[in-house]
Enquirer: 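Input: one structure, supplied below.
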Amino acid sequence: MSLTKYKAKRKFSKTPEPEGKPTKKSSKKPIFVIHKHYASHLHWDLRLEIDRVLKSWAIPKEPPAEIGIKRLAIQVENHPIEYARFEGVIPKGQYGAGKVEIWDKGIYELKEKTKDKIEFILHGKKLKGNFILVKTSYGNKPEKSWLFMKV
Ligand code: MN
């Protein structure tokens, strides 16, 4: 899986974020991380290890720990696996400027994946249990819009 967009958006001489590369092997147990990102608009970034990169979605409101709350999740560029450990401050003027902290992380189990639906079990501290990402056309970026919810 490609990190071309990730690299194109960043100047690695100016941001502390990892430059990264796709890893050769998948983890035995795939990982997930949710970053809380104090960018120009506070949001949460859900990242799932899929095909040796972190597939990523930006979620404008706090991710749901309970059933019954749907969150819009905008798919963003793949991030390198090393990004799962990243915390720091992206300097002013750089892409995504602002503080990034890990909000939750752990392993996850993939249950089913199609082009418009991903079902998985999260084993985090805050998020535990069955979750789903399902494609939607809601919002102002319909081709990148998904809904994220606990099921
Ligand atoms: Mn972000």
Side-chain angles (χ1 to χ4, degrees), residues 1-23 26-27 30-66 69-108 110 113 115-129 131-151:
M1 278 293 156
S2 167
L3 294 170
T4 310
K5 283 185 187 163
Y6 175 85
K7 291 184 185 204
K9 286 172 185 285
R10 291 170 175 80
K11 287 196 184 82
F12 294 103
S13 57
K14 300 219 168 121
T15 178
E17 296 166 287
E19 187 158 357
K21 45 185 183 280
T23 52
S26 305
S27 312
I31 56 166
F32 83 96
V33 63
I34 299 174
H35 284 110
K36 189 172 181 181
H37 188 178
Y38 300 82
S40 51
H41 293 279
L42 172 66
H43 63 273
W44 285 256
D45 289 300
L46 167 66
R47 311 189 196 282
L48 299 176
E49 179 185 353
I50 293 176
D51 297 337
R52 292 169 289 121
V53 296
L54 295 173
K55 292 265 173 208
S56 298
W57 289 263
I59 302 174
K61 292 182 183 173
E62 186 165 298
E66 305 298 331
I69 302 164
K70 289 178 186 168
R71 290 288 187 241
L72 185 64
I74 306 298
Q75 190 166 11
V76 297
E77 75 277 17
N78 299 333
H79 281 50
I81 299 285
E82 299 99 294
Y83 210 94
R85 293 190 302 268
F86 176 71
E87 289 191 295
V89 176
I90 301 170
K92 260 190 198 158
Q94 300 306 304
Y95 179 71
K99 187 173 72 165
V100 176
E101 63 186 31
I102 293 172
W103 183 80
D104 201 10
K105 64 175 181 177
I107 58 161
Y108 82 97
L110 186 62
K113 183 176 174 290
K115 75 175 179 14
D116 52 13
K117 190 174 75 173
I118 308 173
E119 289 184 68
F120 47 96
I121 304 169
L122 295 180
H123 297 280
K125 289 219 168 76
K126 293 191 172 88
L127 299 191
K128 301 171 198 284
F131 288 81
I132 190 169
L133 276 162
V134 59
K135 194 75 189 67
T136 179
S137 54
Y138 180 80
N140 51 15
K141 289 184 179 165
E143 71 291 348
K144 297 186 183 300
S145 295
W146 297 66
L147 291 172
F148 176 58
M149 68 197 101
K150 188 170 188 183
V151 288

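Counting convention: from 1, in listed order, for ligands and their atoms alike.
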Enquirer: May I ask you to check whether Arg10 and Thr15 show a side-chain donor-acceptor distance below 3.5 Å?
Expert: no
Enquirer: So, of the N/O/S atoms that Asp45 has, which is the nearest one to the Mn ion (ligand 1)?
Expert: OD2
Enquirer: From the N, O or S atoms in His37, identify the one nearest to the Mn ion (ligand 1).
Expert: ND1
Enquirer: Hey, are Glu119 and Lys117 close enough for a salt bridge, meaning a charged N less than 4.0 Å from a carboxylate O?
Expert: yes
Enquirer: Going by the side chain to side chain contact (heavy atoms under 4.5 Å, CB included) test, name the single residue among Ile132, Ile118, Leu72, Ile74 that passes it with Trp146.
Expert: Ile118
Enquirer: How would you list, by chain and number, every residue that makes a side-chain contact (heavy atoms from CB on, under 4.5 Å) with Tyr38, sequence neighbours excluded?
Expert: Lys36, Leu42, Lys99, Glu101
Enquirer: Taking 2.8 Å as the cut-off, does an N/O/S atom of His35 lie below it from the Mn ion (ligand 1)?
Expert: no
